[in-house]
Each structure stands twice: as C-alpha cells, then as structure tokens.
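When reading the values below, keep in mind they use all heavy atoms of this one structure, side chains included, and skip hydrogens, waters and symmetry mates.
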Amino acid sequence: MNETLLTVVGNVATTPVYRELPTGPVSRFRLAVTPRRFDRVRNEWVDGHTNFFTVWANGPLGANVQGSITIGEPVIVQGRLKVRDEERGGQHWTSADIQASAVGHDLSRGTAAFRRATRKAAGAGGEHPAQQALDEPSFEIEPEPVG
C-alpha cells in the first residue's frame, strides 16, 4: 500500500482534545509548522508561510499525548498524511491531517522528563503481561464545551 509518511517539526497550536471512544482513547491537536531561512540581503532570519496540521493520536499514544503536551511546546510528529477536500456551508475547505505513530518533544529546543506508562497488575486470571491494560491516565479529563 502506498502511503505518505512524514516527520514534521513544529509547535503545538491548540490544547489537545481527549476523547474516550468505544475503539479506545483519541487525542487531537493542531500543529503549526513555520520554516525559517536566513535572508542575506537583510542579514536576518525570516519566517516563511505557516502550515497547520491536525494531528490525531489513537490508543495509548492518544492518552500519553493528552498528559504530556501543551500549547506552544515544540514537538516532532511522525505519521501518515491525509489531505481532505470538503464542501461546508457553500465553502470549499482543504485540511491536512496526520495520523500520528509517534509524538515527542523537540529536545533541540528544550528538555523533557520521560515517565514510562505503568501497567495494571495481573488479574486473578493471571493474564500475560502483553494482555494487561494500561492504567488510566493520571490526569483529569474535562469534557469539551459544546457549541
């Protein structure tokens, strides 16, 4: 199967929105990516056009994204690109989404402290560790406002 895989470096532009769905946890956030180049004529760095991507993270990655990143933080996102064209209210919209396979802080611009996600203790049935579910995230989830 041909897919467009990419790695994007940018800044978190919106607070991650977390949802617990029947298929598992999902987080989404917007990522702002602005290229910079050195203008030799003006002898300074200048910003290029800012592109925005909607990043989707499923499963344990979605729960960990929710508990780990906030607006303005520099991150690296790797995943599959999906460009969508739609008509809404008589207007044409194009959006670029990334189905993330990995999300992490950009350590070239700061430091981070990694905390491994813990697993629940084996149940009375003695499940294999690979079958154990992840603990609930250690943060409170507030519902997204409707409207």
| request: May I ask you to test the Thr94-Val83 pair for a side-chain heavy-atom distance under 4.5 Å? | output: yes
| request: Indicate the atoms forming the closest heavy-atom contact of Phe52 with Ala13, along with that distance. | output: CE2-CB, 4.1 Å
| query | If you draw a 6.0 Å radius around CZ in Arg115, do more than 12 non-hydrogen atoms from other residues or ligands fall strictly inside? | reply | no
| query | Considering all heavy atoms of both residues, which atom of Pro25 and which atom of Tyr18 are nearest to each other, and what is their separation? | reply | CB-OH, 3.2 Å
| Taking every non-hydrogen atom, the tightest pair across His105 and Ala112 | ND1-CB, 4.0 Å
| remark: In terms of heavy-atom contacts, Pro16 and Gln66 come closest through O-OE1, 3.1 Å
| query | Just how far is it from atom NZ of Lys82 to atom CD of Gln99, taken to the nearest 0.5 Å? | reply | 9.5 Å
| said: Treating Thr14 as the side-chain partner and Arg30 as the backbone partner, does any N or O pair qualify as donor plus acceptor under 3.5 Å? | reply: yes
| task | Give a yes or no on whether Arg40 atom CZ has more than 12 heavy-atom contacts from other residues, nucleotides or ligands under 6.0 Å away. | result | no
| query | Does one hydrophobic cluster hold both Val8 and Ile71, with members joined at side-chain heavy-atom distances below 4.5 Å? | reply | no
| query | What about Ile98 and Val12, same hydrophobic cluster or not, with Ile/Leu/Val/Met/Phe/Trp/Tyr joined at side-chain heavy-atom distances under 4.5 Å? | reply | yes
| note | For Leu61 and Ala102, the nearest pair of non-hydrogen atoms, with its separation, is CD2-N, 4.0 Å
| note | Rounding to 0.5 Å, atoms CD1 (Ile76) and CG (Leu31) come to a distance of 10.5 Å
| task | Could you grab the distance from atom CG of Asn64 to atom OG of Ser27, nearest 0.5 Å is fine? | result | 9.0 Å
| said: Assigning hydrophobic clusters by single linkage (Ile, Leu, Val, Met, Phe, Trp, Tyr; side-chain heavy-atom cutoff under 4.5 Å), is Val103 placed with Leu81? | reply: yes
| field | Backbone of Gln78 reached by a side-chain donor or acceptor of Ser101 within 3.5 Å | value | yes
| request: Using the side chain to side chain contact (heavy atoms under 4.5 Å, CB included) rule, take Phe38 and Asn43 through it: C-alpha gap first, then chi angles, then the decisive distance, then the call. | output: CA-CA 7 Å; Phe38 190 75; Asn43 199 33; 3.1 Å; yes
| field | Reported CZ-to-OG1 distance for the pair Phe29 and Thr54, which is rounded to 0.5 angstrom | value | 9.5 Å
| task | Report whether Leu6 and Val9 are members of the same hydrophobic cluster (ILVMFWY, side-chain heavy atoms less than 4.5 Å apart, transitive linking). | result | no
| Exercise: identify the closest heavy-atom pair between Arg37 and Trp45 | C-CE3, 3.3 Å
| Given the rule that I, L, V, M, F, W and Y join up when any side-chain heavy atoms are under 4.5 Å apart, are Val75 and Val65 in one cluster? | yes
| Spacing of Phe53 atom CZ and Asp97 atom CG [to the nearest 0.5 Å] | 10.0 Å
| task | Identify which one of Asn51, Asp47, Asn11, Thr50 satisfies the side-chain hydrogen bond (donor to acceptor under 3.5 Å, both in side chains) criterion when paired with Thr34. | result | Thr50
| query | CD/Glu73 to CG/Asp106 distance, rounded to the nearest 0.5 angstrom? | reply | 11.5 Å
